[in-house]
Amino acid sequence: MKKEIIWDIAHLAHVELLTPKLDESARFFTEIMGMSVSDVKGDSVYLRSYDDYEHHSLKLTANKYPGMRHFAWRARSEQALQRRVDAIQSTKLGIGWHDGDIGHGRAFSFHTPDGHLAEIYFDTQKYKASTKNMSALKNTASKFPGKGINVRRIDHLNLFAKDVRAFRDFQLQNLGGMLTETIVDDTTDMNPKAVWFAVNSKSYDLAVTEDHTNLNGRFHHLTFATNSREEILIAADIFLENGITIETGPHKHAIQQTFFLYVYEPGGNRIEVANSTARLVLDPDYQTIIWTIEERKKGQAWGLATVPSFHTRGTPMPEDLM
């Protein structure tokens, strides 16, 4: 009998990105991406997209070099949180409880097998729109900003890892969710080179890809969702007109079928704006889609080659740490 899937995680909650250009990065996410500032504390700026229901989905913190300080999961309940903490503590990766941060209550910190700092919590501060910022639609967290790209919500996170198998096994066994797609070296050895995890009906909240630089704990990209593919085409023009470096796209991924556009924000971190084209995973006994490296060499859905920097460019880069 197949082992039952653990559904104790609700979604990717927030990500803390490090930037050596805090003011410029903050302007990128507010003026160009269309996000709003929830709070400012010390060297950190807290931001949210207009339909993010929590206090923030992005925390920007000043730092000497770019990268990710931590990412967070929200559990489905206090009971689910405790179950996942117990599972993490059965490994050597648990760090311990802390009192939380602006916008959420106590959280349990841990490391991924590759060394990324993560946390999981349940108690959260839900965003309360002011009269000025209240949407005409009662089922939207705040009004449509009509500013820049107008990203709607945080979508997913992609991390680099030296040992993708270790990360995959830890995630499925201790945190839960479903492996929706994977890239393997071949159908004989089946060594994972990349993995995509779903923790809800979205096709993925977290992706992990092999780091060809052989470094540990690096950030690949953070993605925010738009309402349509057409808005990503407009986003490309907005980025162009504002001198933002476009790495690749607009185009459609073969894996997960996401319509994408990748850029670098001023601090040096890779950011994606994407539309999942309404794809959901609703099948309760869904079978993981397996791609080989040879199949992936064919490029993206419509033939665009994967840019070489996608396999090596992450933050921090080796030169940042010198």
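Owing to the predicted nature of the structure, the values given are computational and were not obtained by experimental measurement. Residues: numbered from 1 along the sequence shown.
- Following chains of ILVMFWY side-chain contacts shorter than 4.5 Å, one cannot reach Met178 starting from Val195, and the two form parts of different hydrophobic clusters.
- A side-chain donor-acceptor contact under 3.5 Å links Asp320 to the backbone of Met317.
- By the 4.5 Å heavy-atom criterion applied to side chains, Ile232 and Asn275 are counted as neighbours.
- Shown here for Pro145 and Gly34, the closest heavy-atom pair between the two residues is CG-O, 3.7 Å.
- The backbone N or O of Ala141 sits less than 3.5 Å from a side-chain atom of Asp51, completing a donor-acceptor pair.
- Listed by chain and residue number, Glu247 satisfy the side chain to side chain donor-acceptor pair (under 3.5 Å) test with Ser309 (two or more places apart in sequence, or in another chain).
- Checking Glu119 against His14 by side-chain atom types alone, a donor-acceptor pair falls below 3.5 Å.
- The OG1 atom of Thr277 sits 10.0 Å away from atom CZ of Phe259, with the distance rounded to the nearest 0.5 Å.
- For the pair Ala166 and Pro113, the tightest heavy-atom approach, listed with the atom from each and the gap, is O-CG, 3.6 Å.
- Residue pairs meeting the ring pair (Phe, Tyr, Trp, His ring centres under 6.0 Å) criterion with at least one member in residues 80-100, sequence neighbours excluded, are Trp97-Phe108.
- Ser135 contributes a side-chain N or O that, together with a main-chain N or O of Leu137, makes up a donor-acceptor pair within less than 3.5 Å.
- No donor-acceptor pair under 3.5 Å is formed between the side chain of Arg165 and the backbone N or O of Phe167.
- Between the side chain of Asn133 and the backbone N or O of Ala129, no donor-acceptor pair lies under 3.5 Å.
- Taking 4.5 Å as the limit, every side-chain heavy atom of Tyr46 sits out of range of all side-chain heavy atoms of Val40.
- When hydrophobic residues (I, L, V, M, F, W, Y) are linked wherever their side-chain heavy atoms come within less than 4.5 Å, the members clustered with Leu282 are Leu280.
- When the shell of 6.0 Å around NZ of Lys202 is examined, it contains more than 12 heavy atoms from other residues, nucleotides or ligands.
- Side-chain atoms of Arg74 come within 3.5 Å of backbone N or O of Phe122 as a donor-acceptor pair.
- Although no hydrogens or angles enter the test, the distance criterion places a donor-acceptor pair under 3.5 Å between the side chain of Asn200 and the main chain of Ala10.
- Side-chain contact check for Gln256 versus Thr180: some heavy-atom pair is nearer than 4.5 Å.
- With contacts defined as side-chain heavy-atom distances shorter than 4.5 Å, the pair Phe29/Val151 does not qualify.
- Exactly one of Leu12, Thr223, Leu157, Asp155 qualifies for a side-chain contact (heavy atoms from CB on, under 4.5 Å) with Asp205. That residue is Leu12.
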Stepwise, does the salt bridge (charged side-chain N to carboxylate O under 4.0 Å, His left out) test hold for Glu181 with Arg279?
-> CA-CA 13 Å; Glu181 304 201 31; Arg279 183 170 183 261; 3.5 Å; yes
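- Looking at Ile154 and Leu222, their side chains come closer than 4.5 Å, going by heavy atoms from C-beta outward.
- Within the 3.5 Å criterion, the main-chain N or O of Leu17 finds no donor-acceptor partner in the side chain of Arg69.
- For the residue pair Asp101 / Tyr121, no side-chain donor-acceptor distance below 3.5 Å is found, with atom types taken as modelled.
- Stacking of Arg152 on the aromatic ring of Phe224 is not recorded, the 6.0 Å distance cut-off and the 45° axial limit not both being met.
- Within the 6.0 Å centre-distance limit, the rings of His11 and Tyr53 are counted as a close aromatic pair.
- In this structure, the side chain of Arg27 does not engage the main chain of Thr30 through any donor-acceptor pair within 3.5 Å.
- Phe310 and His220 have their aromatic ring centers within a separation under 6.0 angstrom.
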Determine, stepwise, if the pair Asp52 / Ser49 fulfils side-chain hydrogen bond (donor to acceptor under 3.5 Å, both in side chains).
-> CA-CA 5 Å; Asp52 284 325; Ser49 306; 3.3 Å; yes
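- Of all heavy-atom pairs spanning Gly299 and Ala254, the tightest one is O-CB, 4.3 Å.
- Judged by distance alone, with hydrogens and angles left aside, the side-chain atoms of Arg218 form a donor-acceptor pair with the main-chain N or O of Thr312 at under 3.5 Å.
- Closest of all the heavy-atom pairs between Tyr127 and Ser142 is CE2-CB, 3.7 Å.
- Contact annotation: the side chain of Phe160 never approaches that of Leu215 to less than 4.5 Å [non-hydrogen atoms, C-beta and beyond].
- If you chain together hydrophobic residues whose side chains sit under 4.5 Å apart, Ile102 and Trp73 never meet in one group.
- Residues forming a side chain to side chain donor-acceptor pair (under 3.5 Å) with Thr182 (at least two apart in sequence, or on another chain): none.
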Chi angles and distances behind the side-chain hydrogen bond (donor to acceptor under 3.5 Å, both in side chains) call for Glu54, Thr124 = CA-CA 7 Å; Glu54 290 190 273; Thr124 194; 2.5 Å; yes
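- With sequence neighbours excluded, no residue forms a side chain to side chain donor-acceptor pair (under 3.5 Å) with Asn174.
- By the side chain to side chain donor-acceptor pair (under 3.5 Å) test, Asn269 is found to be paired with Glu265, Thr315, residues two or more places apart in sequence or in another chain being considered.
- A donor and an acceptor atom, one from each side chain of Gln300 and His251, are nowhere located under 3.5 Å apart.
- To the nearest 0.5 Å, the span separating CG on Asn214 from CG on Asp163 amounts to 10.5 Å.
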Could you go through the side-chain hydrogen bond (donor to acceptor under 3.5 Å, both in side chains) check for Asp211 and Thr213 one step at a time?
-> CA-CA 5 Å; Asp211 194 332; Thr213 66; 2.6 Å; yes
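- Under the 4.5 Å side-chain heavy-atom criterion for Ile, Leu, Val, Met, Phe, Trp and Tyr, Phe170 and Val85 are members of the same hydrophobic cluster.
- With contacts defined as side-chain heavy-atom distances shorter than 4.5 Å, the pair Thr112/Phe71 qualifies.
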Step by step, work out the side-chain contact (heavy atoms from CB on, under 4.5 Å) result for Phe28 and Thr19.
-> CA-CA 12 Å; Phe28 168 86; Thr19 171; over 6 Å; no
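- Within the 4.5 Å cutoff, the side chain of His70 has no heavy atoms near those of the Ser109 side chain.
- By the 6.0 Å contact criterion, CG on Asp189 is enclosed, its count of non-hydrogen atoms from other residues, nucleotides or ligands being greater than 12.
- Note that the CD atom of Glu16 and the NZ atom of Lys59 stand 4.0 Å from one another [nearest 0.5 Å].
- Smallest separation of non-hydrogen atoms from Tyr50 and Asn150: CE2-O, 3.7 Å.
- Nearest approach of Gln173 to Ile6, heavy atoms of both residues: O-CD1, 3.9 Å.
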